[in-house]
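What you are looking at is a predicted structure, and each value in this text was computed from that prediction instead of being measured.
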Amino acid sequence: MRHLLSVEDLDRAAIERILDRAKSFTEVSEREIKKVPALRGRRVLNLFYEASTRTRSSFELAAKSLSADVINFAAGGSSVEKGESLKDTVQTLSAYQPDLIVIRTPHVGAAQLVANWTTASVVNAGDGKHEHPTQALLDVYTLRERLGDIDGKSIWIVGDVTHSRVARSNIHAFQKMGAHVTLCGPPTLIPRDVTALGCDVAYTLDGLGEADVVYALRMQKERMTDSFVPSIREYAAQYQIDGRRLGARQVLMHPGPVNRGVELAAEVIDSPQAVIGQQVAAGVVVRMAVL
C-alpha cells in the first residue's frame, strides 16, 4: 500500500499487521535513546492546515523516532495567507523531494487530491468531516491492549457524529475487527444515512449499560454553521457521560481534546475506566508503524 487515505482501504489482516508492528515499537519508547534507523535519510513533510496538538506532535515524534528528517508546515504564517492554493503549496514543497506527506485539512477529499499531485506517499491525518484513519488505528490498538480482543464487543459512539471524522473511521475499523457499533446522540447530530454502514442508532442513553466500550465524541462547534442543539447545557443533561451512566466494567474513550463538563464529567475523565491517556501514548507507536 502506497498511501493511507481511509480505513476502508484496509482489511482486518492489514490492520492487525500495523498494530503488531506498533506493538514492537513500544520497546523503543522505553529506551534511553528513543530512536531506530528505519527511516534514516527519508524526508517526512507534516502539512497541517488545521490546529492540532496530539496528531501533529505524535506524527513528528513518530518520524523522528524512526530517524527521518522532518519538515513541519503550518498554514498560518505561510504563503497560504497570501492566497496560495493547496495544489501550488504541495507542488512547491514537493521540490524538496519528500518521501512521505502527512496532511490535515478542513476539506473533505483533500488527502486524495494531494496523493494525485505528488510522487510521495500520503497519510491522511484528517480531512474535514471525512476520515481520520490513524486515530481509528490507535483506538483499536488501545482497546486490544486493554481488552485483548474486540471481536464481539459492543461499542457505543456517543455525541456529535455528524461532524466527526473520527466516528466515520472508527465505525469502519471497529466493525472490521468484529465489534458491534451503536451510534448515539441527538437526531440532529446523527447522519440520516449512517445505518448504511452497518451500525445501529440510538437517540437516548437508555441502553448504554450493554456497551463494553463507551466512546464519547467532542461537540465540534467550530464546524457547526447552524444550531444543532438547543443549548450545550441541555445537550450535557441528555448525553454527558458521568459517574451515574458509566459502569465499572466499561472502558471509556475520547479522541481529545475533551470539553470537560460537556461530553464528559470530570469524575469519569480521571476514572480507572478511562483510557484517554493510553490513546495519546498509542498515537506515537501506531504512527511509527504507519510511517
Side-chain angles (χ1 to χ4, degrees), residues 1-7 9-11 13-74 89-90 92-105 110-112 114-115 117-127 131-145 166 169 173 255-256 275 277-291:
M1 176 180 286
R2 184 179 164 204
H3 308 296
L4 177 57
L5 306 177
S6 167
V7 174
D9 298 334
L10 303 172
D11 58 18
I15 292 173
E16 289 176 339
R17 280 198 301 274
I18 292 171
L19 301 188
D20 290 343
R21 176 64 60 87
K23 180 69 173 176
S24 72
F25 283 136
T26 57
E27 179 267 333
V28 176
S29 298
E30 296 165 1
R31 296 180 184 177
E32 184 176 350
I33 298 175
K34 299 173 173 58
K35 281 201 172 189
V36 292
L39 292 184
R40 181 178 293 162
R42 302 284 190 173
R43 289 178 180 169
V44 175
L45 171 60
N46 289 327
L47 188 58
F48 276 64
Y49 281 78
E50 284 187 312
S52 173
T53 299
R54 294 154 192 79
T55 304
R56 181 171 175 173
S57 60
S58 62
F59 265 116
E60 183 175 356
L61 274 173
K64 288 181 175 179
S65 296
L66 294 167
S67 302
D69 297 317
V70 181
I71 307 165
N72 289 316
F73 173 93
T89 297
V90 169
T92 296
L93 294 172
S94 291
Y96 300 136
Q97 298 184 319
D99 297 285
L100 194 144
I101 295 175
V102 179
I103 180 163
R104 166 174 284 196
T105 85
Q112 179 65 66
V114 172
W117 295 333
T118 179
T119 58
S121 295
V122 176
V123 175
N124 182 5
D127 58 336
E131 278 217 42
H132 193 354
T134 58
Q135 179 70 46
L137 291 171
L138 72 88
D139 287 336
V140 174
Y141 179 90
T142 302
L143 285 177
R144 283 211 321 180
E145 292 295 293
V166 171
S169 288
V275 294
Q278 291 92 314
Q279 288 173 264
V280 176
V284 176
V285 293
V286 168
R287 287 169 175 134
M288 286 175 70
V290 168
L291 296 180

| said: Strictly below 4.0 Å, N to O, side chains only: are Glu60 and Arg56 in salt-bridge contact? | reply: no

Between Arg144 and Asp139, is the closest basic N to carboxylate O distance under 4.0 Å?
no

Given side chains that start at C-beta, do those of [X] and [Y] come closer than 4.5 Å, heavy atoms only?
| X | Y | result |
| --- | --- | --- |
| Thr118 | Ile101 | yes |
| Leu4 | Leu10 | yes |
| Ile103 | Asp127 | no |
| Thr119 | Ser94 | no |
| Phe25 | Val286 | no |
| Thr105 | Phe48 | no |
| Gln112 | His3 | no |

First locate atom [atom1] of [X], then atom [atom2] of [Y], and finally report the distance between them rounded to the nearest 0.5 Å.
| X | Y | atom1 | atom2 | result |
| --- | --- | --- | --- | --- |
| Phe59 | Leu47 | CZ | CG | 12.5 Å |
| Glu145 | Thr26 | CD | OG1 | 7.5 Å |
| Lys35 | Arg31 | NZ | CZ | 12.5 Å |
| Thr55 | Arg287 | OG1 | CZ | 4.5 Å |
| Leu291 | Thr134 | CG | OG1 | 9.0 Å |

Inset, instruction - With side-chain contact (heavy atoms from CB on, under 4.5 Å) as the test, would you mind laying out the steps for Gln279 and Leu138 before giving the verdict? - result: CA-CA 6 Å; Gln279 288 173 264; Leu138 72 88; 3.9 Å; yes

Can you give each donor-acceptor pair under 3.5 Å made by side-chain atoms of residues 38-46, sequence neighbours left out, with the distance rounded to 0.1 Å?
unit_1 : atom_1 : unit_2 : atom_2 : d
Arg42  : NH1    : Asp99  : OD1    : 3.4
Arg43  : NH1    : Tyr96  : O      : 2.5
Asn46  : ND2    : Asn72  : OD1    : 3.0

Smallest separation among heavy atoms of [X] and [Y], with atom names:
| X | Y | result |
| --- | --- | --- |
| Ala125 | Arg104 | O-NE, 2.9 Å |
| Ser29 | Lys34 | O-CE, 3.0 Å |
| Ala136 | Val7 | CB-CG2, 3.9 Å |
| Ala22 | Ala289 | N-CB, 3.6 Å |
| Pro98 | Ala120 | O-CB, 3.3 Å |

| In terms of side-chain heavy atoms, does Ser121 have a donor or acceptor partner in Arg2 at a distance below 3.5 Å? |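 No pair is found: no donor N or O on one side chain lies under 3.5 Å from an acceptor on the other.
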
So, the side chain of Ser58 versus the backbone of Val284: is there a donor-acceptor pair under 3.5 Å, distance only?
no

Across all chains, not counting sequence neighbours, the side chain to side chain contact (heavy atoms under 4.5 Å, CB included) partners of Ser6 are Glu8, Asp9, Glu131

- request: Report the C-alpha distance between Leu19 and Val140 in whole Å, list the side-chain angles of each, state the deciding distance to 0.1 Å, and finish with yes or no for side-chain contact (heavy atoms from CB on, under 4.5 Å).
  value: CA-CA 8 Å; Leu19 301 188; Val140 174; 3.5 Å; yes

